[in-house]
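Accompanying notes for the structure given below.
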2 protein chains.
Amino acid sequence: MRVLQTTQAQRLETIGRLRYFEHWNAQQVAAIAATANILAVDKGHELVTRGKPLNSLYLVITGEFRFFVPIPGGQARSLGLVGEGRSFGEACVELAINCPYSGVATTNSHVLAIEGTAFKHEVHKSTRLLSQLLALVANRLMSVMNDLETCAQHSSLQRVACYLGQFQPPGDASSYAVPIEGRKKDIATRIGLTPETFSRVLTTLEQNGTLSSKGKVITVLDAARLRQIYLNGCEPGY
Amino acid sequence: MRVLQTTQAQRLETIGRLRYFEHWNAQQVAAIAATANILAVDKGHELVTRGKPLNSLYLVITGEFRFFVPIPGGQARSLGLVGEGRSFGEACVELAINCPYSGVATTNSHVLAIEGTAFKHEVHKSTRLLSQLLALVANRLMSVMNDLETCAQHSSLQRVACYLGQFQPPGDASSYAVPIEGRKKDIATRIGLTPETFSRVLTTLEQNGTLSSKGKVITVLDAARLRQIYLNGCEPGY
DNA sequence: CGTAATCTTGAGGCTCGTCAAAACAAGTGG
DNA sequence: CCACTTGTTTTGACGAGCCTCAAGATTACG
(Lines give C-alpha, C1' and ligand atoms only; values in the text may rest on other atoms or scores of the structure.)
Protein backbone atom coordinates (compact mmCIF):
# COMPACT_ATOMS: atom_id res chain seq x y z
CA MET A 1 0.00 0.00 0.00
CA ARG A 2 1.30 3.44 -0.82
CA VAL A 3 0.02 6.99 -0.50
CA LEU A 4 -0.24 8.73 -3.83
CA GLN A 5 1.11 12.25 -3.93
CA THR A 6 -1.84 14.43 -4.86
CA THR A 7 -2.67 18.10 -5.01
CA GLN A 8 -5.77 19.59 -3.46
CA ALA A 9 -7.10 20.11 -6.97
CA GLN A 10 -6.70 16.43 -7.79
CA ARG A 11 -8.42 15.38 -4.62
CA LEU A 12 -11.26 17.81 -5.22
CA GLU A 13 -11.70 16.42 -8.67
CA THR A 14 -11.78 12.83 -7.42
CA ILE A 15 -14.30 13.69 -4.74
CA GLY A 16 -16.41 15.57 -7.21
CA ARG A 17 -16.88 12.42 -9.25
CA LEU A 18 -18.13 10.36 -6.30
CA ARG A 19 -21.86 10.16 -5.82
CA TYR A 20 -21.22 9.78 -2.10
CA PHE A 21 -20.61 13.54 -1.96
CA GLU A 22 -23.42 14.67 -4.18
CA HIS A 23 -25.12 16.53 -1.36
CA TRP A 24 -21.92 18.16 -0.12
CA ASN A 25 -21.34 21.80 -0.97
CA ALA A 26 -18.03 23.24 -2.16
CA GLN A 27 -16.91 24.37 1.26
CA GLN A 28 -17.63 21.03 2.90
CA VAL A 29 -15.84 19.15 0.17
CA ALA A 30 -12.84 21.46 0.39
CA ALA A 31 -12.53 20.84 4.12
CA ILE A 32 -12.31 17.10 3.85
CA ALA A 33 -10.26 17.15 0.67
CA ALA A 34 -7.56 19.00 2.59
CA THR A 35 -7.12 16.02 4.92
CA ALA A 36 -7.74 13.26 2.40
CA ASN A 37 -5.30 10.92 0.72
CA ILE A 38 -5.58 8.62 -2.20
CA LEU A 39 -4.13 5.19 -1.50
CA ALA A 40 -3.07 2.49 -3.92
CA VAL A 41 -3.79 -0.84 -2.26
CA ASP A 42 -2.38 -4.07 -3.65
CA LYS A 43 -4.55 -7.12 -4.08
CA GLY A 44 -4.57 -9.12 -0.88
CA HIS A 45 -3.43 -6.29 1.35
CA GLU A 46 -5.29 -5.94 4.63
CA LEU A 47 -6.22 -2.28 4.81
CA VAL A 48 -8.21 -2.47 8.03
CA THR A 49 -7.84 -5.00 10.80
CA ARG A 50 -10.28 -6.22 13.39
CA GLY A 51 -9.44 -4.77 16.79
CA LYS A 52 -7.28 -1.95 15.46
CA PRO A 53 -8.24 1.73 15.63
CA LEU A 54 -9.71 3.22 12.49
CA ASN A 55 -8.82 6.86 12.10
CA SER A 56 -10.09 7.28 8.58
CA LEU A 57 -13.11 6.34 6.62
CA TYR A 58 -12.55 4.87 3.22
CA LEU A 59 -14.19 5.28 -0.15
CA VAL A 60 -13.44 2.78 -2.86
CA ILE A 61 -12.55 4.62 -6.05
CA THR A 62 -11.56 1.60 -8.09
CA GLY A 63 -11.30 -2.03 -7.09
CA GLU A 64 -13.06 -3.98 -4.38
CA PHE A 65 -12.68 -4.99 -0.74
CA ARG A 66 -13.77 -8.07 1.12
CA PHE A 67 -14.73 -7.84 4.79
CA PHE A 68 -14.74 -10.54 7.40
CA VAL A 69 -14.42 -11.33 11.08
CA PRO A 70 -11.35 -13.45 11.76
CA ILE A 71 -12.00 -16.49 13.92
CA PRO A 72 -9.17 -18.09 15.91
CA GLY A 73 -8.12 -21.33 14.28
CA GLY A 74 -10.69 -21.54 11.56
CA GLN A 75 -12.62 -20.09 8.68
CA ALA A 76 -13.15 -16.36 8.96
CA ARG A 77 -16.76 -15.24 8.82
CA SER A 78 -17.46 -13.20 5.69
CA LEU A 79 -19.42 -9.98 5.93
CA GLY A 80 -19.59 -8.93 2.31
CA LEU A 81 -17.93 -6.95 -0.43
CA VAL A 82 -17.61 -3.23 -0.97
CA GLY A 83 -17.10 -2.10 -4.54
CA GLU A 84 -16.49 1.09 -6.43
CA GLY A 85 -18.23 4.18 -5.15
CA ARG A 86 -19.07 2.62 -1.80
CA SER A 87 -17.55 3.31 1.57
CA PHE A 88 -16.71 1.73 4.90
CA GLY A 89 -15.63 2.78 8.36
CA GLU A 90 -18.28 5.39 9.09
CA ALA A 91 -19.66 3.79 12.22
CA CYS A 92 -16.19 3.22 13.72
CA VAL A 93 -15.12 6.77 12.98
CA GLU A 94 -18.33 8.10 14.44
CA LEU A 95 -17.93 6.20 17.68
CA ALA A 96 -14.12 6.37 17.70
CA ILE A 97 -13.86 2.68 18.46
CA ASN A 98 -11.74 -0.14 17.19
CA CYS A 99 -12.75 -1.76 13.94
CA PRO A 100 -14.90 -4.88 14.47
CA TYR A 101 -13.92 -6.41 11.11
CA SER A 102 -10.94 -6.84 8.82
CA GLY A 103 -10.88 -5.89 5.18
CA VAL A 104 -8.60 -6.87 2.31
CA ALA A 105 -8.46 -5.77 -1.30
CA THR A 106 -9.70 -8.42 -3.71
CA THR A 107 -8.01 -6.54 -6.59
CA ASN A 108 -5.45 -3.82 -6.90
CA SER A 109 -7.50 -0.87 -5.74
CA HIS A 110 -7.54 2.85 -5.22
CA VAL A 111 -9.25 4.25 -2.16
CA LEU A 112 -9.88 7.70 -0.83
CA ALA A 113 -8.92 7.90 2.84
CA ILE A 114 -10.66 10.68 4.70
CA GLU A 115 -9.42 11.83 8.06
CA GLY A 116 -12.05 10.76 10.57
CA THR A 117 -12.05 13.84 12.75
CA ALA A 118 -12.35 16.20 9.79
CA PHE A 119 -15.19 14.10 8.41
CA LYS A 120 -17.05 14.09 11.70
CA HIS A 121 -16.50 17.79 12.08
CA GLU A 122 -18.04 18.60 8.72
CA VAL A 123 -20.89 16.12 8.91
CA HIS A 124 -21.99 17.16 12.35
CA LYS A 125 -22.56 20.73 11.25
CA SER A 126 -25.11 19.82 8.61
CA THR A 127 -28.51 18.22 9.05
CA ARG A 128 -28.44 17.09 5.46
CA LEU A 129 -25.16 15.23 5.81
CA LEU A 130 -26.13 13.82 9.19
CA SER A 131 -29.36 12.49 7.72
CA GLN A 132 -27.46 10.87 4.91
CA LEU A 133 -25.00 9.25 7.28
CA LEU A 134 -27.75 8.13 9.60
CA ALA A 135 -29.53 6.40 6.75
CA LEU A 136 -26.30 4.70 5.72
CA VAL A 137 -25.57 3.37 9.19
CA ALA A 138 -29.17 2.30 9.71
CA ASN A 139 -29.08 0.38 6.43
CA ARG A 140 -25.90 -1.33 7.48
CA LEU A 141 -27.55 -2.31 10.73
CA MET A 142 -30.45 -3.86 8.84
CA SER A 143 -28.07 -5.72 6.59
CA VAL A 144 -26.26 -7.26 9.54
CA MET A 145 -29.56 -8.17 11.19
CA ASN A 146 -30.50 -9.90 8.01
CA ASP A 147 -27.31 -11.97 8.04
CA LEU A 148 -27.91 -12.77 11.67
CA GLU A 149 -31.35 -14.12 10.86
CA THR A 150 -29.99 -16.26 8.06
CA CYS A 151 -27.37 -17.94 10.19
CA ALA A 152 -29.85 -18.44 12.99
CA GLN A 153 -31.62 -21.07 10.88
CA HIS A 154 -31.17 -24.61 12.12
CA SER A 155 -30.26 -26.69 9.13
CA SER A 156 -27.94 -25.99 6.26
CA LEU A 157 -30.85 -26.35 3.85
CA GLN A 158 -32.81 -23.71 5.69
CA ARG A 159 -29.86 -21.36 5.82
CA VAL A 160 -29.33 -21.60 2.10
CA ALA A 161 -33.04 -21.25 1.43
CA CYS A 162 -33.18 -18.20 3.66
CA TYR A 163 -30.20 -16.68 1.93
CA LEU A 164 -31.54 -17.30 -1.56
CA GLY A 165 -34.98 -16.06 -0.57
CA GLN A 166 -33.58 -12.58 -0.02
CA PHE A 167 -33.13 -12.13 -3.71
CA GLN A 168 -36.67 -12.93 -4.67
CA PRO A 169 -38.02 -9.94 -6.59
CA PRO A 170 -41.32 -8.34 -5.61
CA GLY A 171 -44.30 -10.15 -7.02
CA ASP A 172 -44.59 -13.90 -7.07
CA ALA A 173 -42.34 -14.91 -9.92
CA SER A 174 -41.34 -18.49 -9.21
CA SER A 175 -38.03 -18.14 -11.02
CA TYR A 176 -35.30 -15.57 -10.48
CA ALA A 177 -31.56 -15.17 -10.70
CA VAL A 178 -29.36 -14.94 -7.63
CA PRO A 179 -26.42 -12.58 -7.95
CA ILE A 180 -23.14 -14.12 -6.83
CA GLU A 181 -20.50 -11.54 -6.28
CA GLY A 182 -17.17 -12.88 -5.19
CA ARG A 183 -16.47 -16.42 -4.16
CA LYS A 184 -18.97 -19.05 -3.11
CA LYS A 185 -16.70 -19.69 -0.18
CA ASP A 186 -17.60 -16.25 1.15
CA ILE A 187 -21.30 -16.82 0.79
CA ALA A 188 -20.83 -20.07 2.67
CA THR A 189 -19.03 -18.59 5.64
CA ARG A 190 -21.38 -15.63 5.63
CA ILE A 191 -24.31 -17.91 6.35
CA GLY A 192 -22.38 -19.99 8.83
CA LEU A 193 -21.50 -22.96 6.66
CA THR A 194 -18.33 -24.46 5.31
CA PRO A 195 -17.76 -24.20 1.56
CA GLU A 196 -18.15 -27.97 1.33
CA THR A 197 -21.54 -28.02 2.97
CA PHE A 198 -22.74 -25.09 0.90
CA SER A 199 -21.70 -26.87 -2.26
CA ARG A 200 -23.48 -30.04 -1.20
CA VAL A 201 -26.68 -28.18 -0.40
CA LEU A 202 -26.64 -26.54 -3.80
CA THR A 203 -26.29 -29.87 -5.56
CA THR A 204 -29.12 -31.29 -3.48
CA LEU A 205 -31.37 -28.38 -4.38
CA GLU A 206 -30.37 -28.71 -8.00
CA GLN A 207 -31.15 -32.42 -8.09
CA ASN A 208 -34.68 -31.90 -6.82
CA GLY A 209 -35.28 -29.11 -9.29
CA THR A 210 -35.49 -26.21 -6.85
CA LEU A 211 -32.68 -24.35 -8.57
CA SER A 212 -30.04 -24.50 -11.23
CA SER A 213 -26.41 -23.89 -10.33
CA LYS A 214 -23.95 -23.51 -13.16
CA GLY A 215 -20.67 -22.01 -12.08
CA LYS A 216 -21.27 -18.48 -10.93
CA VAL A 217 -24.91 -18.42 -12.00
CA ILE A 218 -27.55 -19.63 -9.59
CA THR A 219 -31.15 -19.50 -10.71
CA VAL A 220 -34.01 -20.29 -8.40
CA LEU A 221 -36.53 -22.28 -10.43
CA ASP A 222 -39.18 -23.03 -7.85
CA ALA A 223 -39.52 -20.22 -5.34
CA ALA A 224 -42.52 -21.86 -3.70
CA ARG A 225 -40.57 -25.00 -2.93
CA LEU A 226 -37.67 -22.95 -1.67
CA ARG A 227 -40.03 -21.24 0.70
CA GLN A 228 -41.38 -24.59 1.86
CA ILE A 229 -37.87 -25.76 2.64
CA TYR A 230 -37.26 -22.61 4.61
CA LEU A 231 -40.47 -23.00 6.59
CA ASN A 232 -40.57 -26.73 7.13
CA GLY A 233 -36.92 -27.39 7.63
CA CYS A 234 -36.02 -31.02 7.41
CA GLU A 235 -39.27 -32.18 5.91
CA PRO A 236 -38.92 -35.70 4.55
CA GLY A 237 -38.27 -35.75 0.85
CA TYR A 238 -35.66 -33.01 0.79
CA MET B 1 -52.32 -3.82 25.57
CA ARG B 2 -54.27 -0.62 26.05
CA VAL B 3 -53.72 3.05 25.31
CA LEU B 4 -53.86 5.18 28.43
CA GLN B 5 -55.89 8.34 28.15
CA THR B 6 -53.43 11.16 28.79
CA THR B 7 -53.35 14.91 28.52
CA GLN B 8 -50.57 16.80 26.78
CA ALA B 9 -49.41 17.97 30.22
CA GLN B 10 -49.08 14.39 31.44
CA ARG B 11 -47.16 13.34 28.36
CA LEU B 12 -44.86 16.34 28.67
CA GLU B 13 -44.19 15.46 32.24
CA THR B 14 -43.38 11.85 31.40
CA ILE B 15 -41.06 12.87 28.60
CA GLY B 16 -39.39 15.39 30.85
CA ARG B 17 -38.35 12.65 33.19
CA LEU B 18 -36.68 10.54 30.48
CA ARG B 19 -32.97 11.05 29.98
CA TYR B 20 -33.50 10.15 26.34
CA PHE B 21 -34.83 13.66 25.79
CA GLU B 22 -32.31 15.59 27.84
CA HIS B 23 -30.99 17.41 24.79
CA TRP B 24 -34.42 18.23 23.43
CA ASN B 25 -35.73 21.74 23.89
CA ALA B 26 -39.27 22.61 24.96
CA GLN B 27 -40.56 23.13 21.45
CA GLN B 28 -39.17 19.84 20.17
CA VAL B 29 -40.59 17.95 23.12
CA ALA B 30 -43.98 19.60 22.68
CA ALA B 31 -44.11 18.52 19.04
CA ILE B 32 -43.61 14.84 19.72
CA ALA B 33 -45.66 14.86 22.90
CA ALA B 34 -48.63 15.89 20.82
CA THR B 35 -48.45 12.67 18.83
CA ALA B 36 -47.33 10.36 21.63
CA ASN B 37 -49.27 7.80 23.59
CA ILE B 38 -48.58 5.93 26.75
CA LEU B 39 -49.32 2.23 26.45
CA ALA B 40 -49.84 -0.32 29.16
CA VAL B 41 -48.48 -3.63 27.88
CA ASP B 42 -49.21 -6.89 29.64
CA LYS B 43 -46.50 -9.39 30.37
CA GLY B 44 -46.06 -11.70 27.41
CA HIS B 45 -47.73 -9.42 24.89
CA GLU B 46 -45.93 -9.06 21.58
CA LEU B 47 -45.74 -5.33 20.98
CA VAL B 48 -43.72 -5.48 17.77
CA THR B 49 -43.56 -8.33 15.31
CA ARG B 50 -40.89 -9.34 12.84
CA GLY B 51 -41.96 -8.45 9.31
CA LYS B 52 -44.64 -5.97 10.34
CA PRO B 53 -44.43 -2.22 9.76
CA LEU B 54 -43.30 -0.13 12.69
CA ASN B 55 -44.90 3.28 12.69
CA SER B 56 -43.78 4.34 16.11
CA LEU B 57 -40.65 4.23 18.13
CA TYR B 58 -40.95 3.08 21.69
CA LEU B 59 -39.47 4.16 24.96
CA VAL B 60 -39.75 1.89 27.96
CA ILE B 61 -41.01 3.86 30.93
CA THR B 62 -41.40 0.95 33.30
CA GLY B 63 -40.93 -2.75 32.72
CA GLU B 64 -38.79 -4.60 30.22
CA PHE B 65 -38.93 -6.07 26.71
CA ARG B 66 -37.23 -9.07 25.20
CA PHE B 67 -36.30 -9.06 21.53
CA PHE B 68 -35.71 -11.98 19.22
CA VAL B 69 -35.85 -13.22 15.66
CA PRO B 70 -38.44 -15.96 15.25
CA ILE B 71 -37.18 -19.06 13.45
CA PRO B 72 -39.61 -21.40 11.67
CA GLY B 73 -39.99 -24.58 13.66
CA GLY B 74 -37.45 -23.95 16.34
CA GLN B 75 -35.90 -21.84 19.02
CA ALA B 76 -36.11 -18.13 18.33
CA ARG B 77 -32.80 -16.31 18.31
CA SER B 78 -32.56 -13.85 21.19
CA LEU B 79 -31.28 -10.35 20.59
CA GLY B 80 -31.34 -8.89 24.06
CA LEU B 81 -33.39 -6.98 26.56
CA VAL B 82 -34.45 -3.36 26.70
CA GLY B 83 -35.21 -1.97 30.12
CA GLU B 84 -36.46 1.24 31.64
CA GLY B 85 -35.34 4.45 30.01
CA ARG B 86 -34.19 2.73 26.86
CA SER B 87 -35.76 2.71 23.45
CA PHE B 88 -36.23 0.65 20.33
CA GLY B 89 -37.46 1.06 16.77
CA GLU B 90 -35.38 4.06 15.74
CA ALA B 91 -33.68 2.43 12.78
CA CYS B 92 -36.94 1.02 11.39
CA VAL B 93 -38.71 4.33 11.75
CA GLU B 94 -35.82 6.11 10.12
CA LEU B 95 -35.80 3.82 7.12
CA ALA B 96 -39.57 3.23 7.13
CA ILE B 97 -39.09 -0.50 6.78
CA ASN B 98 -40.62 -3.53 8.39
CA CYS B 99 -39.34 -4.55 11.77
CA PRO B 100 -36.62 -7.23 11.59
CA TYR B 101 -37.31 -8.52 15.08
CA SER B 102 -40.15 -9.28 17.44
CA GLY B 103 -40.43 -7.96 20.97
CA VAL B 104 -42.50 -9.04 23.96
CA ALA B 105 -42.92 -7.60 27.42
CA THR B 106 -41.21 -9.67 30.11
CA THR B 107 -43.26 -7.86 32.76
CA ASN B 108 -46.31 -5.68 32.80
CA SER B 109 -44.85 -2.53 31.29
CA HIS B 110 -45.55 1.03 30.37
CA VAL B 111 -44.12 2.41 27.15
CA LEU B 112 -44.16 5.74 25.43
CA ALA B 113 -45.11 5.33 21.77
CA ILE B 114 -43.94 8.18 19.60
CA GLU B 115 -45.34 8.70 16.15
CA GLY B 116 -42.52 7.88 13.73
CA THR B 117 -43.11 10.66 11.23
CA ALA B 118 -43.30 13.33 13.91
CA PHE B 119 -40.14 12.00 15.48
CA LYS B 120 -38.27 12.00 12.20
CA HIS B 121 -39.53 15.45 11.41
CA GLU B 122 -38.22 16.91 14.63
CA VAL B 123 -34.93 15.05 14.71
CA HIS B 124 -34.02 15.88 11.15
CA LYS B 125 -34.18 19.59 11.85
CA SER B 126 -31.53 19.51 14.54
CA THR B 127 -27.87 18.56 14.25
CA ARG B 128 -27.76 17.85 17.94
CA LEU B 129 -30.62 15.35 17.83
CA LEU B 130 -29.35 13.80 14.63
CA SER B 131 -25.94 13.30 16.19
CA GLN B 132 -27.52 11.66 19.18
CA LEU B 133 -29.59 9.34 17.04
CA LEU B 134 -26.63 8.52 14.81
CA ALA B 135 -24.58 7.50 17.83
CA LEU B 136 -27.43 5.35 19.07
CA VAL B 137 -27.85 3.51 15.77
CA ALA B 138 -24.10 3.11 15.35
CA ASN B 139 -23.85 1.60 18.80
CA ARG B 140 -26.62 -0.81 17.99
CA LEU B 141 -24.77 -1.82 14.85
CA MET B 142 -21.64 -2.53 16.87
CA SER B 143 -23.62 -4.54 19.34
CA VAL B 144 -25.06 -6.75 16.60
CA MET B 145 -21.63 -7.16 15.02
CA ASN B 146 -20.41 -8.30 18.37
CA ASP B 147 -23.12 -10.95 18.59
CA LEU B 148 -22.33 -12.03 15.08
CA GLU B 149 -18.71 -12.57 15.99
CA THR B 150 -19.65 -14.61 19.03
CA CYS B 151 -21.87 -16.99 17.12
CA ALA B 152 -19.28 -17.31 14.37
CA GLN B 153 -17.07 -19.29 16.75
CA HIS B 154 -16.77 -22.97 15.92
CA SER B 155 -17.28 -24.83 19.14
CA SER B 156 -19.74 -24.29 21.93
CA LEU B 157 -16.83 -23.78 24.33
CA GLN B 158 -15.42 -21.02 22.18
CA ARG B 159 -18.78 -19.35 21.83
CA VAL B 160 -19.30 -19.27 25.55
CA ALA B 161 -15.72 -18.12 26.15
CA CYS B 162 -16.18 -15.37 23.57
CA TYR B 163 -19.41 -14.29 25.17
CA LEU B 164 -18.02 -14.23 28.68
CA GLY B 165 -14.88 -12.45 27.53
CA GLN B 166 -16.95 -9.41 26.60
CA PHE B 167 -17.51 -8.62 30.21
CA GLN B 168 -13.88 -8.60 31.24
CA PRO B 169 -13.19 -5.20 32.78
CA PRO B 170 -10.24 -3.09 31.59
CA GLY B 171 -6.98 -4.10 33.16
CA ASP B 172 -5.94 -7.70 33.64
CA ALA B 173 -7.97 -8.79 36.60
CA SER B 174 -8.24 -12.56 36.30
CA SER B 175 -11.58 -12.66 38.10
CA TYR B 176 -14.75 -10.78 37.31
CA ALA B 177 -18.51 -11.09 37.54
CA VAL B 178 -20.69 -11.67 34.50
CA PRO B 179 -24.05 -9.92 34.56
CA ILE B 180 -26.94 -12.20 33.65
CA GLU B 181 -30.04 -10.29 32.85
CA GLY B 182 -33.03 -12.36 31.95
CA ARG B 183 -32.99 -16.07 31.32
CA LYS B 184 -30.01 -18.26 30.56
CA LYS B 185 -32.08 -19.66 27.74
CA ASP B 186 -31.86 -16.28 26.03
CA ILE B 187 -28.11 -16.07 26.41
CA ALA B 188 -27.92 -19.54 24.91
CA THR B 189 -29.96 -18.79 21.80
CA ARG B 190 -28.24 -15.44 21.46
CA ILE B 191 -24.91 -17.17 20.97
CA GLY B 192 -26.37 -19.86 18.76
CA LEU B 193 -26.66 -22.68 21.25
CA THR B 194 -29.50 -24.61 22.82
CA PRO B 195 -30.13 -24.04 26.50
CA GLU B 196 -29.00 -27.60 27.16
CA THR B 197 -25.64 -27.16 25.50
CA PHE B 198 -25.08 -23.85 27.23
CA SER B 199 -25.77 -25.41 30.58
CA ARG B 200 -23.38 -28.26 29.85
CA VAL B 201 -20.60 -25.91 28.81
CA LEU B 202 -21.00 -23.93 32.01
CA THR B 203 -20.68 -27.05 34.14
CA THR B 204 -17.60 -28.10 32.19
CA LEU B 205 -15.99 -24.71 32.75
CA GLU B 206 -16.94 -24.81 36.38
CA GLN B 207 -15.44 -28.26 36.88
CA ASN B 208 -12.06 -27.20 35.53
CA GLY B 209 -12.05 -24.05 37.66
CA THR B 210 -12.43 -21.48 34.92
CA LEU B 211 -15.55 -20.03 36.45
CA SER B 212 -18.16 -20.40 39.12
CA SER B 213 -21.83 -20.65 38.22
CA LYS B 214 -24.36 -20.44 41.01
CA GLY B 215 -27.85 -19.77 39.81
CA LYS B 216 -27.95 -16.35 38.22
CA VAL B 217 -24.40 -15.42 39.27
CA ILE B 218 -21.55 -16.36 36.97
CA THR B 219 -18.05 -15.39 38.03
CA VAL B 220 -15.06 -15.86 35.79
CA LEU B 221 -12.22 -17.06 38.00
CA ASP B 222 -9.45 -17.56 35.49
CA ALA B 223 -9.65 -15.04 32.67
CA ALA B 224 -6.35 -16.23 31.19
CA ARG B 225 -7.62 -19.77 30.79
CA LEU B 226 -10.88 -18.50 29.35
CA ARG B 227 -8.88 -16.63 26.77
CA GLN B 228 -6.89 -19.76 25.99
CA ILE B 229 -10.09 -21.68 25.39
CA TYR B 230 -11.29 -18.96 23.09
CA LEU B 231 -8.03 -18.93 21.12
CA ASN B 232 -7.20 -22.61 21.01
CA GLY B 233 -10.67 -24.02 20.66
CA CYS B 234 -10.80 -27.72 21.24
CA GLU B 235 -7.38 -28.01 22.84
CA PRO B 236 -7.04 -31.35 24.61
CA GLY B 237 -7.69 -31.06 28.34
CA TYR B 238 -10.72 -28.89 28.12
C1' DC C 1 -46.99 -23.91 50.36
C1' DG C 2 -48.12 -25.19 45.68
C1' DT C 3 -47.86 -24.22 40.85
C1' DA C 4 -45.37 -22.81 37.00
C1' DA C 5 -41.33 -21.77 34.81
C1' DT C 6 -36.54 -22.40 34.28
C1' DC C 7 -32.47 -24.97 34.54
C1' DT C 8 -29.92 -29.25 34.71
C1' DT C 9 -28.77 -33.94 33.53
C1' DG C 10 -28.93 -38.09 30.63
C1' DA C 11 -28.96 -40.98 26.32
C1' DG C 12 -28.90 -41.39 21.37
C1' DG C 13 -29.18 -40.05 16.52
C1' DC C 14 -27.86 -37.08 12.81
C1' DT C 15 -26.13 -33.28 10.73
C1' DC C 16 -22.25 -30.82 9.70
C1' DG C 17 -17.28 -30.09 9.93
C1' DT C 18 -12.74 -32.02 8.96
C1' DC C 19 -9.39 -33.93 6.08
C1' DA C 20 -7.97 -35.26 1.53
C1' DA C 21 -7.92 -35.43 -3.30
C1' DA C 22 -9.72 -34.62 -7.72
C1' DA C 23 -12.09 -31.54 -11.08
C1' DC C 24 -12.50 -27.13 -12.71
C1' DA C 25 -11.64 -22.22 -13.70
C1' DA C 26 -8.71 -18.28 -14.34
C1' DG C 27 -4.82 -15.84 -15.15
C1' DT C 28 0.39 -15.87 -16.64
C1' DG C 29 4.23 -16.34 -19.44
C1' DG C 30 6.48 -18.53 -23.06
C1' DC D 1 -2.48 -20.62 -28.57
C1' DC D 2 -1.01 -23.78 -25.30
C1' DA D 3 1.43 -25.53 -21.00
C1' DC D 4 1.75 -24.08 -16.38
C1' DT D 5 0.53 -22.20 -12.08
C1' DT D 6 -2.66 -20.71 -8.75
C1' DG D 7 -6.90 -20.62 -6.63
C1' DT D 8 -11.65 -22.13 -6.23
C1' DT D 9 -15.18 -25.61 -6.25
C1' DT D 10 -16.70 -30.20 -5.99
C1' DT D 11 -16.91 -34.89 -4.28
C1' DG D 12 -16.01 -38.58 -0.94
C1' DA D 13 -15.42 -40.89 3.64
C1' DC D 14 -15.40 -40.46 8.42
C1' DG D 15 -15.96 -38.86 13.13
C1' DA D 16 -17.06 -35.50 16.58
C1' DG D 17 -20.15 -32.31 18.41
C1' DC D 18 -24.44 -30.53 18.90
C1' DC D 19 -29.41 -30.94 18.87
C1' DT D 20 -33.49 -33.53 20.13
C1' DC D 21 -36.30 -35.71 23.27
C1' DA D 22 -37.36 -36.71 27.96
C1' DA D 23 -37.32 -36.56 32.83
C1' DG D 24 -35.71 -34.74 37.06
C1' DA D 25 -33.96 -30.74 40.07
C1' DT D 26 -34.18 -26.15 41.20
C1' DT D 27 -35.87 -21.67 41.40
C1' DA D 28 -39.38 -18.03 41.20
C1' DC D 29 -43.76 -16.43 42.38
C1' DG D 30 -48.46 -16.00 43.90
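Letters go in sequence order (proteins before strands), and every chain restarts at 1.
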Send over the distance from [X] [atom1] to [N] [atom2], rounded to a whole Å.
| X | N | atom1 | atom2 | answer |
| --- | --- | --- | --- | --- |
| Ile218(A) | dT10(D) | CD1 | P | 8 Å |
| Glu196(A) | dT18(C) | CD | C1' | 8 Å |
| Leu193(B) | dC7(C) | CG | C1' | 15 Å |
| Lys185(A) | dC24(C) | NZ | C1' | 16 Å |
| Leu202(A) | dT11(D) | CG | C1' | 14 Å |
| Phe198(A) | dT8(D) | CZ | C1' | 13 Å |
| Gln207(B) | dT9(C) | CD | P | 8 Å |
| Lys184(B) | dA25(D) | NZ | C1' | 13 Å |

Is it the case that the base of dG17(D) and the side chain of Arg200(B) share a donor-acceptor contact (distance under 3.5 Å, atom types as modelled)?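 Donor-acceptor pair under 3.5 Å: no.
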Return whichever of Arg159(B) or Lys43(B) has its heavy-atom-nearest nucleotide of DNA chain D closer to the 5' end.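 First, find each residue's nearest nucleotide; the 5'-ward one identifies Arg159(B).
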When you match Thr203(A) and His154(A) each to their closest nucleotide on DNA chain D, which lands nearer the 5' end?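 Counting from the 5' end, the first nearest nucleotide belongs to Thr203(A).
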Could you check which of dT9(C), dC7(C), dT18(C) has an atom nearest any side-chain atom of Arg183(B)?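 When the side chain of Arg183(B) is considered, dC7(C) is the closest of dT9(C), dC7(C), dT18(C).
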Test item: side-chain donor near acceptor, [X] and [Y], under 3.5 Å:
| X | Y | result |
| --- | --- | --- |
| Thr49(B) | Ser102(B) | no |
| Glu90(A) | Ser87(A) | yes |
| Arg159(A) | Thr150(A) | no |

Is the distance from OP1 or OP2 of [N] to the nearest side-chain N or O of [X] less than 4.0 Å?
| X | N | answer |
| --- | --- | --- |
| Thr194(A) | dG17(C) | yes |
| Ser156(B) | dC18(D) | yes |
| Thr197(A) | dC16(C) | no |
| Lys216(A) | dT8(D) | no |

side-chain contact (heavy atoms from CB on, under 4.5 Å) for Thr194(B) and Phe198(B)? Distances and angles first, verdict last. CA-CA 6 Å; Thr194(B) 58; Phe198(B) 184 57; over 6 Å; no
Asp42(A) side chain vs His45(A) backbone, donor-acceptor pair below 3.5 Å: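 A pair under 3.5 Å: no.
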What does Gly192(A) touch in the nucleic acid at a heavy-atom separation under 4.0 angstrom: a base, only the sugar-phosphate, or nothing?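 Touches sugar-phosphate only.
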